[in-house]
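The structure displayed is predicted, hence computed values, not measured ones. Throughout, a chain's letter reflects where its sequence line sits, starting with A, and its residues are numbered from 1.
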Amino acid sequence: MSDSPVSRLLATARGDAVDDPFRVTGVMMQYYYVCERELWFESRNVEIDRENPSVARGTRVDDSSYGERTRENLRLGMISLDLLEDDRVIEVKPSSTLTEPARMQLSYYLWYLDRVLGVRREGVLAHPTERRREEVRLTPERREKVESAIRGIHGIVTADSPPEATEKPYCESCAYRDFCWV
Amino acid sequence: MDKNYHIFSDGRIERSEDTVRLETEDGEKKHIPVEHAEAVYLHGQVNYNTRLMSFLNDHGVAVHVFGWNDRYAGSLMPERGQTSGRTVVEQVRAYDDPEHRQRIASAFVRGSIHNMRTNVTYYDSREYELDGVLDDLDAAATRVGDAEDISQLMGVEASARRAYYRTFDAVLPDSFSFDRREYNPPPNPVNALISFGNSLVYANCVSAIRATALDPAVSYLHEPGERRYSLSLDIADLFKPVLADRLLFRLVNRKQISRDDFREELDSCLLDEGGRETFLKEFEETLERTVEHPELNRKVSYQYLLRLEAYKLKKHLLTGESYDPFRRWW
Ligand code: SF4
């Protein structure tokens with residue numbers, strides 16, 4: 001068996017005995033596209049106090065910010081699906097900003113279902129507030145994109161230091177802001 | 001940021017529905033809105049019970065106790081919301097690596113000297129001649145990098161602080177002569193004011209550290225165990241000139257505090273209740289004062305600077321990114 005991040009992830013997901021388990025959650029996939037530094041923090045459980053109002057304005061991609069929506073939350077190993085509807089995986093997002101990260105998160109779910117559990121599904125990205133739905137399919141290009149993201153994530157979370165901070169529009173509302181920039 | 005509440009009078013403090021109620025000995029009642037409280041400071045003889053403690057614990061409010069002679073006596077810390085094994089492991093690892101410990105400790109000393117220096121420059125540019133002090137501070141600053149171990153570093157810090165304290169005699173009126181720093185008990189008003197100010201800075205650092213997952217007992221410049229929260233000693237040194245000393249000069253020079261505000265006993269001198277109230281009122285106002293933060297692009301309170309310092313240290317320990325000590329920049 002090759003020791004590439006992808007096969008290590010698959011081995012971990014299938015419960016094989018691996019020396020160095022490697023997990024990727026949907027949120028990690030999203031962070032990879034939003035901010036690599038935040039991904040590193042998350043993977044290391046770097047917590048900063050969220051009780052403080054000046055920093056608690058919200059992790060924008062964190063589930064907790066979408067409080068009210070009802071969801072089934074189907075946990076399948078490393079991933080947790082919002083809901084399944086007519087056999088399709090529905091991922092609910094409050095707004096269509098940061099669409100690509102959400103699309104990749106959903107693509108990762110489809111990839112995971114396929115590769116780990118052997119089920120092929122299609123996905124729908126739903127923005128209820130905007131009454132918009134977008135279909136997401138695991139095309140060969142997306143499949144490759146997911147796998148290259150997995151390799152990228154592996155590189156980041158195994159590094160000793162996080163990637164340097166670079167100013168992004170969402171730093172403003174990021175929970176790590178005061179931690180990152182001082 | 002949440003507020004500190006100071007209680008001077010003797011009496012009892014208890015949970016009353018969803019607030020904290022203080023009843024003083026002469027029957028006066030006051031409420032402390034717990035959801036906006038960072039910490040409660042007890043300066044008088046105050047009774048409380050376990051029901052109050054668990055209530056404050058639930059709300060994450062610390063209690064800092066000032067005992068006899070208004071010396072800091074200890075804190076009742078809420079069970080920490082933040083715990084992170086990795087943070088503590090890295091914190092200890094850095095302590096255990098002499099070279100790494102030295103680097104962090106040197107940063108604290110550099111920052112402290114810088115902040116003492118800004119106070120001296122401030123007064124030097126006025127009517128006081130403080131060139132000598134500035135020279136001594138600069139000399140100490142250049143010796144920081146040469147110190148071979150923590151005790152030498154401590155020596156450098158001590159000589160800087162000695163030079164710095166000469167400012168006090170120069171700036172303060174003759175009726176407040178200082179001579180030299182003495183702690184237990186403070187022999188004259190200036191020592192009493194320094195002790196009181198320092199203990200307030202220290203207690204506020206304890207609160208700031210609590211908000212991170214750092215272990216307050218693992219420190220770098222000071223020896224862990226020197227006090228229960230020795231990391232607070234490290235961080236407090238950076239902030240004393242900014243939060244406490246400048247205030248002391250102002251209060252004395254503007255005669256808001258006079259010799260009548262002290263109780264002098266055989267060999268000790270202490271602020272009386274009125275004096276402490278004056279000092280604290282101004283101290284709390286200082287904490288709430290804000291300054292534009294160059295990296296965060298917004299105003300932050302002086303109190304929040306303490307919190308940021310704890311974040312910076314934590315970030316250094318977890319990421320290996322450099323730790324730059326707080327240096328007054330304004
Ligand atoms: S503040 Fe900006 S750079 Fe730092 S983790 Fe958040 S988004 Fe990333």
CA sep, side-chain torsions, deciding dist, call: B/Glu309, A/Val182, side chain to side chain contact (heavy atoms under 4.5 Å, CB included): CA-CA 9 Å; B/Glu309 209 55 23; A/Val182 289; over 6 Å; no
Under 3.5 Å, is there a donor-acceptor pair between the side chain of B/Lys315 and the main chain of A/Cys180? yes
Begin from the C-alpha positions of B/Asn297 and A/Trp181 and carry the test side chain to side chain contact (heavy atoms under 4.5 Å, CB included) through to its verdict. CA-CA 10 Å; B/Asn297 292 324; A/Trp181 292 102; over 6 Å; no
Between A/Arg44 and B/Thr319, is there a side-chain heavy-atom distance shorter than 4.5 Å? no
Side chain to side chain, A/Phe179 and B/Lys314, heavy atoms closer than 4.5 Å: yes
Excluding sequence neighbours, so at least two apart, what forms side chain to side chain donor-acceptor pair (under 3.5 Å) with B/Glu14? B/Arg12, B/Arg21
Hey, could you give me the CZ/CG distance between A/Arg177 and B/Leu296, rounded to the nearest 0.5 Å? 5.5 Å
Would the number of heavy atoms belonging to other residues, nucleotides or ligands and lying under 6.0 Å from CZ of A/Arg120 be above 12? no
Counting neighbours of CD on B/Glu35 that are heavy atoms of other residues, nucleotides or ligands and sit closer than 6.0 Å, is the number greater than 12? yes
Do other residues, nucleotides or ligands put more than 12 heavy atoms under 6.0 Å from the CZ atom of B/Arg86? yes
Does A/Asp178 pair with B/Arg298 as a salt bridge, N-O distance under 4.0 Å? yes
Whether over 12 other heavy atoms sit under 6.0 Å from B/Lys299 NZ: no
Which atoms of B/Glu321 come close to chain A, meaning under 4.5 Å heavy atom to heavy atom: side chain ones, backbone ones, both, or neither? side chain
Heavy atoms from other residues, nucleotides or ligands near CZ of B/Arg228 exceed 12 (cutoff 6.0 Å): no
